[in-house]
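To keep things clear, I will list the structure first and then write my remarks on it.
Order of listing sets the numbers, starting from 1, for every ligand and every atom in it. For this chain, numbers begin at 1 and follow the sequence in order. Note: hydrogens, waters and symmetry copies are ignored here, and every other heavy atom, side chains too, is used.
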Amino acid sequence: MSGHAPVAIVTGAGGAIGGAICRTLANRSGHLVVATFRPGGNAPTVAAPGLTVQPLDVRDGGAVAELVDRVMREHGRIDVLVNNAGVCRWGDPDAWRHTFDVNLFGAVELSHAVTAPMRRRGAGSIVNISSQAARVPERGNAAYCAAKAALVMFTRVCALELADSGVRVNAVSPGPVDTAMLRRSARTAAQAAGCTEAEVLAGYAASTAARRLLAPEEIAAAVEFLISDAASGITGADIPVTLGATTW
Ligand SMILES: NC(=O)c1ccc[n+]([C@@H]2O[C@H](COP(=O)([O-])OP(=O)(O)OC[C@H]3O[C@@H](n4cnc5c(N)ncnc54)[C@H](O)[C@@H]3O)[C@@H](O)[C@H]2O)c1
């Protein structure tokens, strides 16, 4: 990496998975991390040397361009982008536009913004956090399943178009991870089914071959691998980190 610490932008860093990705990249793989979070949302609680925190609504194209310009001015490079920001409005049939705006168009906006500097350097790595829901249909969650499936195809097309420039683009598709998002979904599902949140969470755990929920750090480890030189041969991939789950 020519003597400079690699620079990573991670979106949605106020959530558990985003926080774990920031911690892993900053503490274990020596990245300067720009941890972004939704204005008005939870700010990241991660503190690590070389980690800075910035508000960013991924739906705001102007703010995205400004952030990328600022990172380029301050660090002169962007090595990694992790599109992790996401919303899951399970059981809300009006959620299509919001769900696509954050999960798909937010990632599109950021990917376009970092592509020019990455192309100029002839190197870079983008990881999109999709979901098992991209492959396994979930009742009551059409918008999320469709947006995450679109994100995987976006990943594959970007990988194809950027391969010549040395930029790799991959996805990670988690199964059920114990985070605020999963607990919110479990609460809504419990109300709909007339059971308890704990019972729904136990059902999510039982849907995996290992019969437990994933930890955010297990998703971060897959991201860390994909952006590392060890994964230099991998682009256009969608890595399932699901503990063998085949249903929700
Ligand atoms: N938890 C799971 O079981 C699970 C499973 C599969 C995929 N995922 C995906 O993993 C990612 C992280 O999810 P999580 O479980 O940590 O959820 P979370 O809700 O804890 O975190 C998501 C983060 O995205 C942020 N966000 C929402 N809208 C935003 C916007 N407009 N601009 C910027 N940030 C915004 C939120 O503020 C939040 O901090 C998401 O993309 C999610 O879809 C989660």
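- Leu32 places none of its side-chain heavy atoms less than 4.5 Å from the side chain of His4.
- Counting heavy atoms from C-beta on, the side chains of Ile227 and Leu25 come closer than 4.5 Å.
- Closer than 4.0 angstrom to ligand 1 lie heavy atoms from Gly12, Gly14, Gly15, Ala16, Ile17, Arg38, Leu56, Asp57, Val58, Arg59, Asn84, Ala85, Gly86, Val87, Val102, Ile129, Ser130, Ser131, Tyr144, Lys148, Pro174, Gly175, Pro176, Val177, Thr179, Met181, Leu182, Arg184.
- Within the 4.5 Å cutoff, the side chain of Leu182 has no heavy atoms near those of the Val177 side chain.
- Applying the side-chain hydrogen bond (donor to acceptor under 3.5 Å, both in side chains) test to residues at least two apart or on different chains, the pairs with a partner in residues 148-158 are Asn103-Lys148, Asn128-Thr155.
- Using a 30° and 60° split on the angle between ring planes, Phe105 and Phe100 fall in the tilted class, from 30° to 60°.
- Taking the side chain as every heavy atom from C-beta outward, Thr208 and Pro176 approach each other to under 4.5 Å.
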